[in-house]
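To start, the structure under review is shown below, and the notes come after it.
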Amino acid sequence: MPTYRAPRGTRDLLPAERPTWARLEALARDLAARYGYREITTPLFELADVFERGIGEVTDVVQKELFRLAPRTEESERWALRPEPTAGIMRAYVQHGMQTWPQPVKLTQTGPMFRYDRPQAGRYRQFVQFDVEAIGDPGPAIDAEIIELGFRFYREAGLDGVEVLLNSIGDGACRPSFIAALTDYYRGHVDALPPLERERLDRNVLRLPDSKDPAMTALNAAAPRITEFLCDACAAHLAGVRAHLDALGVAYRLEPSLVRGLDYYTRTAFEFYKTGREGQQQALGGGGRYDGLIELLGGRPTPGIGFGIGLDRLVLALAETGGASDAEPAPVAVVVGADPDDTVGRLRVATDLRGAGIAARAELGRRKLGKQLEAAVRDGAHFAVILGDELADGNVTLRDLRAATQTLVPVGELADTIARAEASHTHG
RNA sequence: GUGGCCUUAGCUCAACGGCAGAGCAGCGGAUUGUGGAUCCGCAGGUUAUGGGUUCGAAACCCAUAGGCCACCCCA
């Protein structure tokens with residue numbers, strides 16, 4: 001075992017897996033831009049208050065999973081690594097007076113998040129989220145637009161069979177009455193509750209209808225449903241979201257037991273799942289409306305909606321569906337030579353090629369030509385440039401490693417020749 | 001945070017309580033300027049770590065760490 005390894009719940013993304021990540025990161029950026037979202041980068045850590053107030057003091061994310069930074073001095077502020085992107089972006093919205101920008105303000109960010117969780121496959125202490133936020137639009141049309149954007153992201157990423165789960169969790173006007181009704185209902189059957197569920201009754205009653213305990217299925221089937229308690233405004237909002245989704249042809253499933261773990265959500269809540277893997281575990285992404293969040297962080301009352309999509313889980317899902325992983329870029333040419341000791345010559349030719357914009361590797365090891373060519377082939381290079389006696393006449397040998405053909409080329413024409421051959425190859 | 005399964009070379013895996021090995025990957029060589037095949041060789045390990053049992057532990061026991069699974073929760 002190595003002396004040091006990556007901290008628990010973190011991992012190194014090695015060169016072989018980076019191209020897939022790079023593709024998804026580029027897709028996230030391009031897609032967000034296509035929908036009118038502008039890029040923002042916020043700090044990886046914030047005052048802990050931003051998360052505690054924004055996400056909610058009594059949520060698991062804050063109580064158990066926040067990565068708090070140890071203060072360095074007495075005066076040092078209480079910082080925490082960001083467990084999610086929304087609170088920081090809303091902090092920035094307030095700080096920079098974005099309420100004076102044309103509304104809605106549509107922002108996107110992709111980057112690492114941190115949660116002090118017990119790791120598992122697809123669950124890491126450092127993970128990457130693709131996030132979009134639309135601030136200042138009360139919906140419901142923008143709700144549908146943002147769900148469709150997320151749905152499209154998976155499709156264009158190459159992941160099929162993604163399902164949208166949709167719910168409304170009400171607002172300050174109607175959610176309290178639903179919580180009261182739910183609490184009453186389960187209190188009335190408290191003797192039938194397993195110990196764990198009994199504990200959740202007080203802590204997080206909204207989670208009970210979603211329980212995976214078989215003993216709960218009958219009880220949950222008869223439990224009150226949020227849809228029966230939505231106020232007129234929330235019901236109309238949900239109907240509006242659905243109408244717009246229908247118009248866009250986005251298939252979704254109403255899931256009345258869907259709740260979200262962060263306190264700031266209101267009304268629209270949604271999650272993306274790989275079909276067949278629904279449940280509270282392994283959501284590919286999720287989001288919702290947070291109409292009270294900006295006010296909580298000191299801004300004027302402003303509606304907002306967004307989602308976070310977990311790229312780690314998307315990469316896992318893509319691998320599970322057996323798709324080939326993206327290929328690493330290979331050098332176009334590798335400069336090799338008959339004289340193993342002539343590293344100066346090989347490096348100089350490679351440098352000239354690089355200056356001409358050609359991806360070239362110089363063989364700087366002092367090994368025999370056969371080994372150099374072998375390594376060039378393993379690199380996936382298209383051409384080998386062979387330096388040898390022909391240099392006396394100002395020529396090098398340009399060998400096409402795929403076609404196994406070679407020609408003499410004057411050194412001065414090498415870059416042009418390679419560029420031309422490579423272009424005709426990739427475009428033809 | 002709770003419970004369970006697992007951990008031997010870079011990777012995938014062998015080894016009855018009795019000498020730690022193979023395949024792949026890496027590096028070198030096969031009469032001296034040409035390839036992914038083949039053959040030969042080299043290197044790679046305090047068997048995750050620390051204790052214990054035993055004449056003797058990779059193997060049995062305990063603890064710790066890490067990975068995974070189910071919860072909790074979330075991406």
Side-chain angles (χ1 to χ4, degrees), chain A residues 1-11 14 16 55 58-66 82-86 110-131 150 194-197 199-200 203-204 206-207 210-213 258-262 271-274 277 279-287 307-317 334 336-340 342 363 365-381 383-391 396-406:
Chain A
M1 270 297 116
T3 310
Y4 299 110
R5 50 185 168 187
R8 183 175 201 196
T10 71
R11 63 226 168 99
L14 301 180
I55 296 168
V58 298
T59 58
D60 276 23
V61 170
V62 165
Q63 279 187 336
K64 319 196 313 193
E65 299 169 6
L66 208 55
R82 63 184 186 192
E84 56 86 53
T86 307
T110 297
M113 309 295 155
F114 305 85
R115 288 185 204 178
Y116 191 81
D117 236 4
R118 190 153 154 184
Q120 236 171 274
R123 198 170 76 180
Y124 305 102
R125 290 183 170 185
Q126 175 178 335
F127 57 98
V128 175
Q129 270 191 20
F130 162 40
D131 181 78
L196 179 64
E197 308 302 334
E199 182 195 320
R200 290 164 77 187
R203 197 163 46 90
N204 199 351
L206 286 174
R207 290 276 170 201
D210 193 39
S211 173
K212 268 161 283 190
D213 193 322
L258 172 66
V259 294
R260 308 238 67 221
L262 316 180
E271 288 184 347
F272 300 103
Y273 281 93
K274 182 88 176 101
R277 302 197 62 172
Q280 281 297 313
Q281 185 107 3
Q282 296 291 335
L284 288 170
F307 67 62
I309 281 179
L311 294 190
D312 305 77
R313 287 183 181 178
L314 174 54
V315 169
L316 266 181
V334 173
V336 301
D339 175 7
D342 185 21
E363 174 60 63
R366 294 154 192 263
R367 45 185 174 179
K368 49 188 283 189
L369 181 58
K371 289 289 179 188
Q372 297 183 37
L373 284 167
E374 204 176 309
V377 168
R378 264 198 317 259
D379 263 6
F383 298 101
V385 177
I386 304 171
L387 274 46
D389 296 337
E390 56 270 49
L391 258 182
V396 298
T397 298
L398 179 61
R399 180 169 179 83
D400 185 325
L401 293 169
R402 292 174 197 161
T405 58
Q406 61 188 43

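Protein chains get the first letters and strands the later ones, always in sequence-line order, with residue 1 at the start of each. Only heavy atoms go into these numbers, but all of them, side chains included; no hydrogens, no water, no symmetry mates.
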Interface polar pairs with nucleotides 38-42 of chain B, N/O, under 3.5 angstrom:
none

Could you tell me how far apart [X] ([atom1]) and [N] ([atom2]) are, to the nearest whole angstrom?
{"X": "A:D379", "N": "B:U34", "atom1": "CG", "atom2": "P", "answer": "20 Å"}
{"X": "A:R5", "N": "B:U64", "atom1": "CZ", "atom2": "P", "answer": "15 Å"}
{"X": "A:R123", "N": "B:G1", "atom1": "CZ", "atom2": "C1'", "answer": "11 Å"}
{"X": "A:Q372", "N": "B:G29", "atom1": "CD", "atom2": "P", "answer": "11 Å"}
{"X": "A:R367", "N": "B:G26", "atom1": "CZ", "atom2": "P", "answer": "10 Å"}
{"X": "A:L369", "N": "B:G35", "atom1": "CG", "atom2": "C1'", "answer": "10 Å"}
{"X": "A:L14", "N": "B:C11", "atom1": "CG", "atom2": "C1'", "answer": "12 Å"}
{"X": "A:Y4", "N": "B:A48", "atom1": "OH", "atom2": "P", "answer": "20 Å"}

Within the structure, does a side-chain N or O atom of [X] lie under 4.0 Å from either OP1 or OP2 of [N]?
{"X": "A:Q120", "N": "B:A70", "value": "yes"}
{"X": "A:R8", "N": "B:G66", "value": "yes"}
{"X": "A:R118", "N": "B:C68", "value": "no"}
{"X": "A:K368", "N": "B:G28", "value": "no"}

When you compare the side chain of [Y] with that of [X], does any pair of heavy atoms fall below 4.5 Å?
{"X": "A:K274", "Y": "A:L284", "value": "yes"}
{"X": "A:L391", "Y": "A:V396", "value": "yes"}
{"X": "A:R399", "Y": "A:L401", "value": "yes"}

Indicate, with a heavy-atom threshold strictly under 4.0 Å, whether [X] touches base, sugar-phosphate, or nothing.
{"X": "A:A384", "value": "nothing"}
{"X": "A:I309", "value": "nothing"}
{"X": "A:G9", "value": "sugar-phosphate"}
{"X": "A:G285", "value": "sugar-phosphate"}
{"X": "A:I386", "value": "base"}
{"X": "A:D117", "value": "base"}
{"X": "A:G122", "value": "base"}

- Could you check A:Y116 against A:G310 and say which one's nearest nucleotide on RNA chain B is further toward the 5' end?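 First, find each residue's nearest nucleotide; the 5'-ward one identifies A:Y116.
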- Query: Where each residue is assigned the nucleotide of RNA chain B containing its nearest heavy atom, which of A:A375 and A:G308 is assigned the position nearer the 5′ end?
  - Reply: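 With A:A375 and A:G308 compared, the 5'-side residue is A:A375.
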Indicate yes or no for a side-chain donor-acceptor contact from [X] to the backbone of [Y] under 3.5 Å, with no hydrogens or angles considered.
{"X": "A:D117", "Y": "A:Y124", "result": "no"}
{"X": "A:R11", "Y": "A:A6", "result": "no"}
{"X": "A:R367", "Y": "A:P340", "result": "no"}

- Taking all atoms of both residues into account, what is the closest heavy-atom pair of A:G388 and A:A338, and its distance?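 Heavy atoms of A:G388 and A:A338 come nearest at CA-CB, 4.3 Å.
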- Message: Would A:R125 pass as a cation-pi partner of A:Y116, given that its NZ or CZ must be under 6.0 Å from the six-membered ring centre and within 45 degrees of the axis?
- Response: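 Because its charged atom sits under 6.0 Å from the ring centre and within 45° of the axis, A:R125 does stack over A:Y116.
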- Message: Distance to the ring centre below 6.0 angstrom and angle to the axis at most 45 degrees; does that hold for A:R115 and A:F127?
- Response: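 The answer is no; the distance or angle limit is not met.
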- Item | Nucleotide nearest A:P119 when distance is taken to its side chain, options B:A75, B:U34, B:G67 |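 Of B:A75, B:U34, B:G67, B:G67 is nearest to the side chain of A:P119.
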- Which nucleotide sits closest to the side chain of A:R378: B:C27, B:G35, B:U34?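 Nearest listed nucleotide: B:C27.
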Using the [atom1] atom as the point on both nucleotides, what is the distance between [M] and [N], in whole Å?
{"N": "B:A20", "M": "B:A63", "atom1": "P", "answer": "28 Å"}
{"N": "B:A14", "M": "B:G45", "atom1": "C1'", "answer": "15 Å"}
{"N": "B:G10", "M": "B:U49", "atom1": "P", "answer": "12 Å"}
{"N": "B:G21", "M": "B:A15", "atom1": "C1'", "answer": "7 Å"}
{"N": "B:A58", "M": "B:G50", "atom1": "P", "answer": "13 Å"}
{"N": "B:G17", "M": "B:C55", "atom1": "C1'", "answer": "12 Å"}
{"N": "B:U8", "M": "B:G67", "atom1": "P", "answer": "14 Å"}
{"N": "B:C27", "M": "B:A43", "atom1": "C1'", "answer": "7 Å"}

- Message: For A:F307, give me all partners under ring-ring contact (aromatic ring centres under 6.0 Å, His included), at least two apart in sequence or on another chain.
- Response: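 In terms of ring-ring contact (aromatic ring centres under 6.0 Å, His included), with neighbours along the sequence ignored, A:F307 is linked to A:F130.
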- Query: What do the steps show when you test A:V336 against A:L387 for side-chain contact (heavy atoms from CB on, under 4.5 Å), and what is the final call?
  - Reply: CA-CA 6 Å; A:V336 301; A:L387 274 46; over 6 Å; no
- Query: Between the side chains of A:E390 and A:T397, is a donor N or O closer than 3.5 angstrom to an acceptor N or O?
  - Reply: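 Yes - a donor-acceptor pair under 3.5 Å links their side chains.
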- A correct dot-bracket answer for RNA chain B, with pairs being Watson-Crick or G-U at under 3.5 Å, [ ] for crossing pairs and | for inter-strand pairs, is (((((((..((((....[..)))).(((((.......))))).....(((((..]....))))))))))))....
- Message: Between the base of B:G33 and the side chain of A:E390, is one N or O donor paired with an acceptor at under 3.5 angstrom?
- Response: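 Looking at the base of B:G33, it does pair with a donor or acceptor on the side chain of A:E390 (distance under 3.5 Å).
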